[in-house]
Amino acid sequence: MAQSVGIKDVARAAGVSVGTVSNVINRPDTVATETRARVQSAIDRLGYVRSESARQLRAGRSRIMGLLVLDMGNPFFVDVARGAERAARDAGLGVMVCNSAQSAGEEAEYLSLFAEQRVRGVLLTPADATGRNIETFRRHNIPFVLVDRVAEGTTECSVSVDDVAGGALAVRHLVDAGHLSIAYVSGPPGLNQVRDRRIGALNALAEAGLGPDCLRELPTERLDVAAGRDAGARLLGLADRPTAVFCANDLLALGVLQAMYAAGIKVPEDLAIVGYDDIEFAAAAAVPLTSVRQPAVTMGAMAAELLLEETEAETGTTRHEHRRVVLQPELVVRRSSLSAR
């Protein structure tokens, strides 16, 4: 195996000191033009790449930001990552994206990895409903910002969407269309987003003078298309099948839509469907999906900016105050819910 090229090799090839090579890499303006060109030629010829880990050890500051999301198979979190990456890149940083797969155990492992790598900070959508993983990570004194989750009972920053308002938007729309029996295809009960969207749905029913019994919950273990298909099969088996379905995210809604299509149930004539997130596939579905839009790219960018602000404050160059940013959702109406009862 070939040995890696080090800074001493570059210095030897260029006929200069190690300090001069270091200056060319880190402070090129301090080196004479001819010398700088000779050193750069040696770097290019030898294929030298500086050790970022060594630089970080000297500087005590990483150029990497961690991002840990619930499910990278969900386009919503891809958009969150896009926003975070854009903000990080503008600040000269990279993003290490990891996927907890909605598992508290995997979340703990990735948070431990972030601590080992001494990342600049972490953007986190928690999978652990108990909060124990966050408490453990907090001991490492690495700044973090919660994404798609309100920082309840903590002092950290958070960027989220008002999911109670979002759930209310979805069910109010269905009630206005004449639906009096609605199913809520939810996800893991420990997720705050699932809980808050249900609260919003119940609030909308109460506003219309309807009781909580008008909402039939069909819980799922995951928030993906397969879980949506399974929920759709259970829905088809109900003797008193609801006339509309509100799903905790678009992947579940697309799974329900697939199950209805396979069973010959017409959407929206026989069953109206509303999703949540407004991912790109929602508009492209066989029956374009009504959905509650979350500004995912904006959410990721704002979370990254808050994290950057906090890490810069640690150097004394700026001031930072922890903030809870709550963005507002928007209902995007498409054909899947337009048939009046």
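Note that the coordinates shown come from a computational prediction; the quantities given were computed from them, not determined experimentally.
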Engineer: Does CZ in Arg132 sit with more than 12 non-hydrogen atoms of other residues, nucleotides or ligands closer than 6.0 Å?
Structural biologist: no

Engineer: Going from CE on Met96 to CG on Leu123, what distance comes out if it is rounded to the nearest 0.5 angstrom?
Structural biologist: 12.5 Å

Engineer: Do Val161 and Val326 have side chains that get closer than 4.5 Å, going by heavy atoms?
Structural biologist: no

Engineer: Decide if atom CD of Glu221 counts as having more than 12 heavy atoms of other residues, nucleotides or ligands within a radius under 6.0 Å.
Structural biologist: no

Engineer: Minimum heavy-atom separation for Pro143 to Thr311, with atom names?
Structural biologist: CG-CG2, 4.0 Å

Engineer: CG/Leu67 to SG/Cys98 distance, rounded to the nearest 0.5 angstrom?
Structural biologist: 8.0 Å

Engineer: Within this structure, what is the CG-CG distance for the pair Asp128 and Asn133, rounded to the nearest 0.5 Å?
Structural biologist: 4.0 Å

Engineer: Over all heavy atoms of both residues, which pair between Ala248 and Ser186 is shortest? Give the atoms and the distance, please.
Structural biologist: CB-CA, 4.0 Å

Engineer: Starting from the C-alpha separation in whole Å, work towards a yes-or-no answer on salt bridge (Lys or Arg N to Asp or Glu O under 4.0 Å) for Arg334 and Asp278.
Structural biologist: CA-CA 11 Å; Arg334 300 189 181 96; Asp278 195 34; 2.9 Å; yes

Engineer: Checking Asn203 against Glu207 for the side chain to side chain donor-acceptor pair (under 3.5 Å) test, could you report, in this order, the C-alpha distance in whole Å, the side-chain angles of both residues, the deciding distance, and whether it holds?
Structural biologist: CA-CA 6 Å; Asn203 288 349; Glu207 290 172 8; over 6 Å; no

Engineer: Under the side-chain contact (heavy atoms from CB on, under 4.5 Å) criterion, do Val171 and Val274 qualify, and how do the steps go?
Structural biologist: CA-CA 8 Å; Val171 171; Val274 176; over 6 Å; no

Engineer: Can you check whether Val39 reaches Val31 side chain to side chain, under 4.5 Å on heavy atoms?
Structural biologist: no

Engineer: Where do Ser100 and Glu106 land on the side chain to side chain donor-acceptor pair (under 3.5 Å) test, with the steps shown first?
Structural biologist: CA-CA 5 Å; Ser100 71; Glu106 292 191 35; over 6 Å; no

Engineer: Taking side chain as C-beta onward, heavy atoms only, is Val97 less than 4.5 Å from Phe77?
Structural biologist: no

Engineer: Side chain of Arg216, backbone of Pro242: donor and acceptor closer than 3.5 Å?
Structural biologist: no

Engineer: Just by distance, no angles: are the side chains of Asn99 and Tyr110 close enough, under 3.5 Å, to form a donor-acceptor pair?
Structural biologist: no

Engineer: Report the C-alpha separation of His173 and Ser337 in whole Å, then their side-chain angles, then the decisive distance to 0.1 Å, and conclude whether the side chain to side chain donor-acceptor pair (under 3.5 Å) test is met.
Structural biologist: CA-CA 9 Å; His173 168 68; Ser337 66; 2.7 Å; yes

Engineer: Between Glu310 and Arg120, does a salt bridge (Lys or Arg N to Asp or Glu O under 4.0 Å) hold up when you go through it step by step?
Structural biologist: CA-CA 10 Å; Glu310 182 173 356; Arg120 178 75 64 92; over 6 Å; no

Engineer: Can you check side chain to side chain donor-acceptor pair (under 3.5 Å) on Thr20 and Ser17, steps first, answer last?
Structural biologist: CA-CA 5 Å; Thr20 298; Ser17 68; 3.0 Å; yes

Engineer: State the CG-OG1 distance between Asp230 and Thr220, to the nearest 0.5 angstrom.
Structural biologist: 8.5 Å

Engineer: Anything under 30° is parallel, anything over 60° is perpendicular, the rest tilted; go ahead and classify Phe246 against Tyr184.
Structural biologist: parallel

Engineer: Side chains of Asp148 and Thr125: any donor to acceptor distance under 3.5 Å?
Structural biologist: no

Engineer: Would you compute the distance between atom NE2 of His140 and atom CZ of Arg118 and round it to the nearest 0.5 angstrom?
Structural biologist: 8.0 Å

Engineer: For the CZ atom of Arg234 and the CG atom of Leu238, what is their distance to the nearest 0.5 Å?
Structural biologist: 9.0 Å

